[in-house]
Amino acid sequence: MTTMTDPPNDQGFRLSQLIYDTRYRSATIQVIALIAFMVIAAFLVRNTITNLSALGKDIDFGFLFSRAAYDINQKLIPYSSNDPHWRAALVGLLNTLLVAILGCILATVIGVVAGVLRLSNNWLTARIMTVYVESFRNIPVLLWILAFMAVLSESLPSPRAFRGEEAEASMWLWNTIAVTNRGTYIPAPVWGPGSAIVVVIFLLSLLAIWAFGKWSQRRFEATGHLLPNFWIKLAILVGPTLLVYLLLGRPVAFSLPELAGFNFSGGIHLRNSMLALWLALSFYTGAFIAEIVRSGILAISKGQTEAAYALGLRPSRTMNLVILPQALRVIIPPLISQYLNLTKNSSLALAVGYMDLRSTLGGTTLNTTGRELESMLLMMLIYLVVSLVISSGMNFYNKTVRLKER
Amino acid sequence: MSQAVERTVDRAKLAVSDEIAVQIINMNKWYGEFHVLRDINLTVNRGERIVIAGPSGSGKSTMIRCINRLEEHQKGKIIVDGIELTSDLKNIDKIRSEVGMCFQHFNLFPHLTILENCTLAPMWVRKIPKREAEETAMHFLRKVKIPEQADKYPGQLSGGQQQRVAIARSLCMRPRIMLFDEPTSALDPEMIKEVLDTMIELAEEGMTMLCVTHEMGFARQVANRVIFMDQGQIVEQNEPEEFFNNPKSERTKLFLSQILGH
Amino acid sequence: MSQAVERTVDRAKLAVSDEIAVQIINMNKWYGEFHVLRDINLTVNRGERIVIAGPSGSGKSTMIRCINRLEEHQKGKIIVDGIELTSDLKNIDKIRSEVGMCFQHFNLFPHLTILENCTLAPMWVRKIPKREAEETAMHFLRKVKIPEQADKYPGQLSGGQQQRVAIARSLCMRPRIMLFDEPTSALDPEMIKEVLDTMIELAEEGMTMLCVTHEMGFARQVANRVIFMDQGQIVEQNEPEEFFNNPKSERTKLFLSQILGH
Amino acid sequence: QDSSTLAAVKDRGTLRCGVNPGTPGFAAPDASGEFVGFDVDVCRAVAAAVLGDSEAVEYTPLTSAVRFTALASGEVDLLARNTTWTFTRDVDLKNTFVGVNYYDGQGFMVPKDLGVSSARELSGATVCIETGTTTELNLADYFRVNNMEYEPVPVESFTEAQTQFLAGACDVYTTDASALAASRASFENPEGYVVLPEIISKEPLGPLVRHGDDNWGDIVRWSLNAMIAAEEYGVTSANAAELANGTDNPEINRLLGVEGELGAMLGLENDWALNIITQVGNYGESFEKNIGENTPVGLARGLNAQWTEGGLIYSPPFR
Amino acid sequence: MQEHTSAAFVRKQMLDQQPPPRMQVGAARWVRENLFSSWFNGILTLVSIYVIFLVLRPALPWLLGGVWNAGSLVECRQILTERFGNTHHACWAVLTERWNQLIYGFYPSSQYWRANLAFVLMLFAIAPVLFDRLPRRMLWFTVAFPFLMVWLVWGGPIWGPLSVAVGFALGGLAFKLADRFNSMAISAIAAVVVALAWWLFAGPPVVTDLSRIAPLGALPRVDSRELGGFMICLIIGISGIALSLPIGIILALGRQSDLFIVKTICVGFIEFIRGVPLITLLFTASLLLNYFLPPGTTFDLTLRVIIMVTLFASAYMAEVIRGGLAALPKGQYEAADALGLDYWKAQRLIIMPQALKISIPGIVNTFIGLFKDTTLVMFIGIYDMLGLSNAIRANAAWNGIYWELFIFIGLVFWICCFAMSRYSQWLERRLRTDHR
Ligand SMILES: Nc1ncnc2c1ncn2[C@@H]1O[C@H](COP(=O)(O)OP(=O)(O)OP(=O)(O)O)[C@@H](O)[C@H]1O
Ligand SMILES: Nc1ncnc2c1ncn2[C@@H]1O[C@H](COP(=O)(O)OP(=O)(O)OP(=O)(O)O)[C@@H](O)[C@H]1O
Ligand SMILES: NC(=O)CC[C@H](N)C(=O)O
Ligand SMILES: [Mg+2]
Ligand SMILES: [Mg+2]
């Protein structure tokens, strides 16, 4: 409907209309912008081609399929130095995602706790949290990563210290966890026969918890009685699984870390590079999240709390029923952009030798094959895709929770 | 100044019993170094409708907020429905569910529908089953004349409608005392009328009400006492006729000349 | 509904010439699928003062905003001061500097002083030297009776003063036609009078004016035509006396009863 | 032609040289912040040859990971940074290795109290390894072929490797044996560490330039050869000026520009090699001064002796 | 003005609860209410005290008992062992010895005064931007400062930076002169053409001649690679933010515009830059930028980093400014239109001054982020403070020293960033209450 136009122009088309006529003007500007853009792009591409050919290079992603020839210490999927470069890159990407996801989880926990404690009416705790937030926010994350790494590798005992009759160091928690300057070793589950049943039961009890939640909500609505949900859920979570586990004669064993040769073996090895990166990113981002949580809660006007109080709701109920549902809408968008930052910051893995995407594809692969252009482009593209996925998740969330207004 | 309340009120209906609903004895409150309320003494009988007036900053809001413990008083006693307000949490809970309150800015919960706004507290505080709570809610929404909006969200309603929802929401808790803190001052003239009508109806049903307002029309017709506060003190209290026609203190005269002469 | 315009207007003074200032021929406009303006035909002579009334959403604002191309029309012709409004930017620029406009919310530039607000457009559009622009500005500020505020910022002025500044700001461009879009509806009663007085003065000086307003007192005294719009159409147009006392269409009657009976 | 590296260097008045950020003896800033070392001397030699001033060098410290890109992108004119000459680096990465200034091999260093005496006993060890090096790849192959497990700890630079190793974050540090020696020499307590006897690879280290500018490659190649030849003929920084007056060895004469136009053929002054030898010294002098047995690094000539002495160091004739 | 409306009796905003007066409390009550008001609170308090104890017990003696004078870590440890019998104390000596390196990098120490002077002048240049109560005339100095800084820091005759400035001035002049065509496009093109003509053709010979004839104020040259430490962070941070402002404005306008292609290009650019880590951009600067430029152009790594950081910051800046633009009521655009101002004039005179003012807190926050991120340049071989701390550790004398350096670096950053964040909070508060 919007395309009806002025009366037909008697003089026909004049060149000056390109600039002065609103109908053509925008087209003109766009065409000029497009041309300028193309010219710049062409200029860059042309330079790149000339430069590459001057060096006798070309653009070729074939290197991804040649033998990588280097080892990666932390690998979530099987990988050996005989595998091709793309697989090394994949191992790196998974490591990036691993530290990003773990980081987001821990950062959220830290951030929420710190944010809420900052609002607590305990003067001392609130102050401590302020100190935490202000110190982590205002110091570069890289410094924190290095500092965490330094703590881990300088102040923890080396595996050697665990050796001998009267060893200088000992393991934690009844000899199940070994904290060394090479990393921390924790027990790893060993799946014996019958363990599948335990896992299934565990999954079923998760389902049961969900069903119970629904049921108890309905019961509450019907009768007004509220059950001690938390404890019941906890019982469902732990009870059946534990029972089956014991009945089946403990099918899931744990392999404990043991000192063997130079190092501990057995158990899961959390390398210091990962721990340092993970902790530093989490604490750093946690400080920002604490601020987000705090201001999110504060943004829900005092009036809401007062109205809830005036209706006789207890503070904890007020928090759960009135403040949090509203605060979440305020909190989640900036929270997600913090997740985005954390993911991008995980590329600082470089500083501590964690083999993430940047250290594999953008590091060793790049400089053993000499394909810097291809590797960098590919790497940026992957990061971009990860970011876009996260931020489209945010947009989706935003659309679903927007408050209805007139 | 704006809308006169047009509806005629049957004053005879507005009975006052002898039972004491709220008693405030020698109450004092400070904000930091600032003494907001000084030696407040006030007794409200069941069924009384009290209008509180006074210049800005005189402590009106603070006083009625003390009555359901949204603010803490620091000296003196407040006894609501026979229960003394101390820092005992149980007492506070009991009093809060007996005393309804409406705010200047409505403070509806924007993430809940109108109906949910009204059923939230009954369900969670009074432990009333949802069905029943919804029936009560619809009852009161009909009473404030917006049953058809039950499934909308507060953001979709006009100010006057929102304030009426806020009143309905308080009523759903079946309070014995209602506090109003300038319920109409954020509204457009048209809407003021809707809200005042609702309040008058409430008064006719014998609700004990304390109402901070500058709607003098309302005060004249409905209140059986007008309290004038200044600088944290109750300067004057009287029946509306007397208060408006024959104010005693200078301060009151000045105030009235401002507010009416307008 | 509020303030009557007290000032008596010398209607004799208000001459209308034969020259045509604005001509709208068969103009139509759509927002998406929504047909806001339908076949609008209107001729305004130089010196005419036209009041446009109608219920909310009837397209009044849209119509006058089309006249200086704040909105684009999609069919028909608008001829202002002999220049046809096409998508030619030069024409648009020319027309905009011939046509002044005042908005409901004043839209003063808060980061500039009153004087700067007034000199900005003359300096940058008309390329008038600063000195001269300031003289003109002071002239018009005196005219709207607030020369002493010249160095203040808009935020420091009351609503009525702000609206008068907005009028002065338009006048500084020495427009031949003034458009007003509910210039008083965001104002408190007292301030409405200030602004209406200013507008009446302007009318007396022979300014061509199109004014969307619900100030029927103003319409009665100043307008030489009242246009009633509904659902995007001009339903009725007439002299004020006729319009108020003898409305033809049902719709107009209903509207008048609402707006006056109130 | 104008875009040649030689012209660019002359124009700029300084040579840009990529060096190791800190391997004592090979390349490391001294107390006054100036780079010195065996590799650095190659840079200085080229600067002396091209510009007549061995001090006219801008050093760019490069980690092993970025060195080739820095060279390829033109950020440095020359890379003299214990870089192993390999087929792919030469052919695929489009570099031109102009010679070898140190014949080396990869070794392992462990703390003495680990009680290890052979690389074969390292199964299960944690190994600090610099990323982007040949040693990283050798290591992977060595352990795989010998069916041993290991845990690589990738580090970005020599200093970091050293710090990690000292802090005990890895059991073993592996890199070129020369660098191991240099590293060990800088330890507070060198006796606490041993370099294992196995050498698991060939690491011919030498300077390199970009593909595509053969003239520049020649200049660097012959600057290095001039140092080597000078040692062979007994030309030293002390006697070079004197010998430049002419000798009866035509090779020396050609080297020092007394006879022939070798300099001009390279596009340089005729006293280019004389400048190198007087300002930097010959190969042997540089070796002794920086990494020889009387320095903390304390390397023996070994493979790096002149061919006449049973080593591999050998300059093609100046003819 | 509002005195006589009904609103006089209504406070629009609730204040925060304030504590009761001290005479009502007393220390014991304060402790009870603030530390032990419930069992949970009590536990929190005890945990907090324990945490504080845990941190301070080793940290305090370590911090306070440090040695300030020693030539190396070994020497330092010796002193400590003599003094305390153990080495659990700081070795601040490394700072005493190397602090100037951490601050100035390898800047020649005889020229420190230049860096200092540039820093002081920078404060003066920034002040009028940050505090709008200061006389507006000081902004002229702000405009002149970049050129002054380049001259002071890098040295050489003053003519070089001056010629760049002249280019800008000529461009501005051309812009003014072309104003009469009443078209922003023409003005902009004229400005760019004139400025480029000066920079590329007319300027250089003039500069060379002038430098030869009158080497006025020829300061000894300092190379980029001699810059480092805190100084390089400041230089990169400040230039990044200053240069990204105009680009950010253009991107934000582009993103807001309803021209599809322009919008797509801007959105694409912004999302791309914001979607990849800064470090990949820095690597691009150090590894790839030369591929994209005409063969044979090589320029300073610092300059390349500044370019990349600028692009990076401008994407973030664009988003901040977009927020500011969105916060402006539509009426402002309409009023400008109605007065006959064209798009660019409206932007320049009406929209931008307001949008930028609203955005200052956001800009400051972007700057804090950027400033912290300057530490990443260590990965591409620029010696910022962290890079220098590695270099210091590479020296045998200080091998193994971490905390003293980290604490110093952290403290420097903390002071700067904390001050800035306080400033932005202050500004936010003021903008909120400012009657505008
Ligand atoms: N949290 C607080 N901290 C400090 N002072 C406060 C606080 N709340 C209110 N005050 C002050 O206490 C005084 C009384 O406030 P109160 O809200 O009771 O006044 P009011 O009579 O309701 O005025 P209004 O008609 O404006 O609502 C005012 O001077 C106010 O500034
Ligand atoms: N940008 C727009 N997009 C879609 N519809 C619009 C837009 N602007 C206005 N409208 C619709 O066009 C109709 C006419 O609007 P207009 O503002 O002209 O009414 P009005 O007569 O001025 O009403 P009021 O008295 O409320 O200002 C309304 O129904 C409005 O919802
Ligand atoms: N350690 C290094 O930096 C060099 C290692 C090895 N010589 C290489 O060229 O890859
Ligand atoms: Mg109040
Ligand atoms: Mg309108």
Side-chain angles (χ1 to χ4, degrees), chain A residues 19 26 29-34 37 43-45 47-48 50-52 54 117 120-125 127-128 134-135 137-144 146-147 150 154 301-303 306 340 343-348 350-351 358 362 366 372-373 376 379-381 383-388 391, chain E residues 14 16 30 33-35 37 41 44-45 47-49 51-52 183 185 254 258-262 265 271-272 274-281 283-284 287-288 290-295 368 371-376 378-379 386 389 400 402-403 406 409-411 413-418 420-421:
Chain A
I19 308 178
S26 70
I29 296 176
Q30 304 212 52
V31 168
I32 292 178
L34 190 63
F37 178 72
F43 173 73
L44 295 179
V45 169
N47 286 338
T48 312
T50 1
N51 283 324
L52 284 178
L117 285 185
S120 107
N121 41 19
N122 186 312
W123 183 86
L124 199 59
T125 313
R127 284 311 123 101
I128 290 184
E134 292 299 351
S135 52
R137 268 189 344 155
N138 291 315
I139 292 179
V141 62
L142 183 56
L143 183 57
W144 284 118
L146 292 174
E154 295 279 304
S301 75
K302 246 182 102 212
E306 289 186 344
L340 211 70
T343 308
K344 287 190 285 173
N345 281 340
S346 74
S347 58
L348 299 183
L350 178 59
R358 217 227 55 97
L366 181 147
E372 52 272 306
L373 199 64
M376 289 297 288
M379 186 170 78
M380 285 190 175
L381 196 70
Y383 274 115
L384 195 60
V385 168
V386 172
S387 300
L388 289 182
S391 59
Chain E
M14 280 321 288
D16 277 340
W30 184 90
E33 286 190 347
N34 288 293
L35 299 179
S37 59
N41 234 329
L44 272 185
T45 306
V47 170
S48 305
I49 292 177
V51 167
I52 294 177
S183 157
D258 33 46
L259 305 176
F260 177 75
I261 294 176
V262 174
I265 294 173
E271 293 303 324
F272 171 73
R274 286 161 48 96
V276 301
L278 173 59
I279 189 169
T280 61
L281 293 177
F283 273 102
T284 308
L287 300 182
L288 300 185
N290 275 343
Y291 283 141
F292 301 143
L293 298 175
I368 296 176
F371 187 59
K372 286 187 293 178
D373 280 346
T374 53
T375 48
L376 303 196
M378 128 185 167
F379 290 123
L386 275 178
S389 84
Y402 283 97
W403 297 109
F406 284 175
I409 298 169
L411 203 64
F413 272 103
W414 190 84
I415 291 171
C416 298
C417 297
F418 187 71
M420 287 188 279
S421 74

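The figures here come from the full heavy-atom set of this structure, side chains too, leaving out hydrogens, waters and symmetry mates. Chain letters run A, B, ... following the sequence lines, proteins first and then strands; every chain starts at 1.
K372(E) places a side-chain N or O within 3.5 Å of a backbone atom of R137(A) that can act as its donor or acceptor partner.
Each of L281(E), V262(E), L376(E) has some count of heavy-atom pairs under 4.5 Å with chain A, and the biggest count is that of L376(E). Interface check for chain A: of the options I52(E), T284(E), I409(E), L288(E), the most heavy-atom pairs under 4.5 Å are formed by L288(E). Interface check for chain E: of the options S120(A), S387(A), A351(A), A147(A), the most heavy-atom pairs under 4.5 Å are formed by A147(A). The candidate with the highest count of non-hydrogen atom pairs below 4.5 Å against chain E, out of S346(A), S391(A), S135(A), G362(A), is S135(A). Comparing L388(A), L348(A), L350(A) by how many heavy-atom pairs each has under 4.5 Å with chain E, the most go to L350(A). Of all the listed residues (I139(A), L117(A), L34(A)), the one sharing the greatest number of non-hydrogen pairs under 4.5 Å with chain E is I139(A). Your options are A33(A), S347(A), G303(A), and the one with the most heavy-atom pairs under 4.5 Å with chain E is S347(A).
Note on ring orientation: taking the six-membered ring where Trp is involved, the planes of W414(E) and F418(E) are parallel (angle under 30°, cut-offs 30° and 60°).
For the atom pair R358(A) CZ and F379(E) CZ, the distance stands at 8.0 Å (nearest 0.5 Å). For the atom pair CD (E134(A)) and CG (N138(A)), the distance works out to 5.5 Å, reported to the nearest 0.5 Å. In this structure, the separation between CG on L44(A) and OH on Y291(E) is 15.0 Å, given to the nearest 0.5 Å. The distance from the CZ atom of F43(A) to the CG atom of L293(E) is 6.5 Å, given to the nearest 0.5 Å.
Only the side chain of M379(A) comes within contact range of chain E, with heavy atoms under 4.5 Å apart. With a threshold of 4.5 angstrom between heavy atoms, F406(E) approaches chain A through its backbone and through its side chain. In this structure, no portion of L278(E) lies under 4.5 Å from any heavy atom of chain A. Both the backbone and the side chain of L44(E) come within less than 4.5 Å of a heavy atom in chain A. Heavy atoms of M420(E) lying under 4.5 Å from chain A are absent altogether. With a 4.5 angstrom heavy-atom cutoff, I32(A) does not touch chain E via any of its atoms. Both the backbone and the side chain of L124(A) come within contact range of chain E, with heavy atoms under 4.5 Å apart.
At most 12 non-hydrogen atoms from other residues, nucleotides or ligands lie less than 6.0 angstrom from CZ of F37(A).
S421(E) meets the side chain to side chain donor-acceptor pair (under 3.5 Å) test with no other residue; sequence neighbours excluded. In terms of the side chain to side chain donor-acceptor pair (under 3.5 Å) criterion, N47(A) has no residue partners (sequence neighbours excluded).
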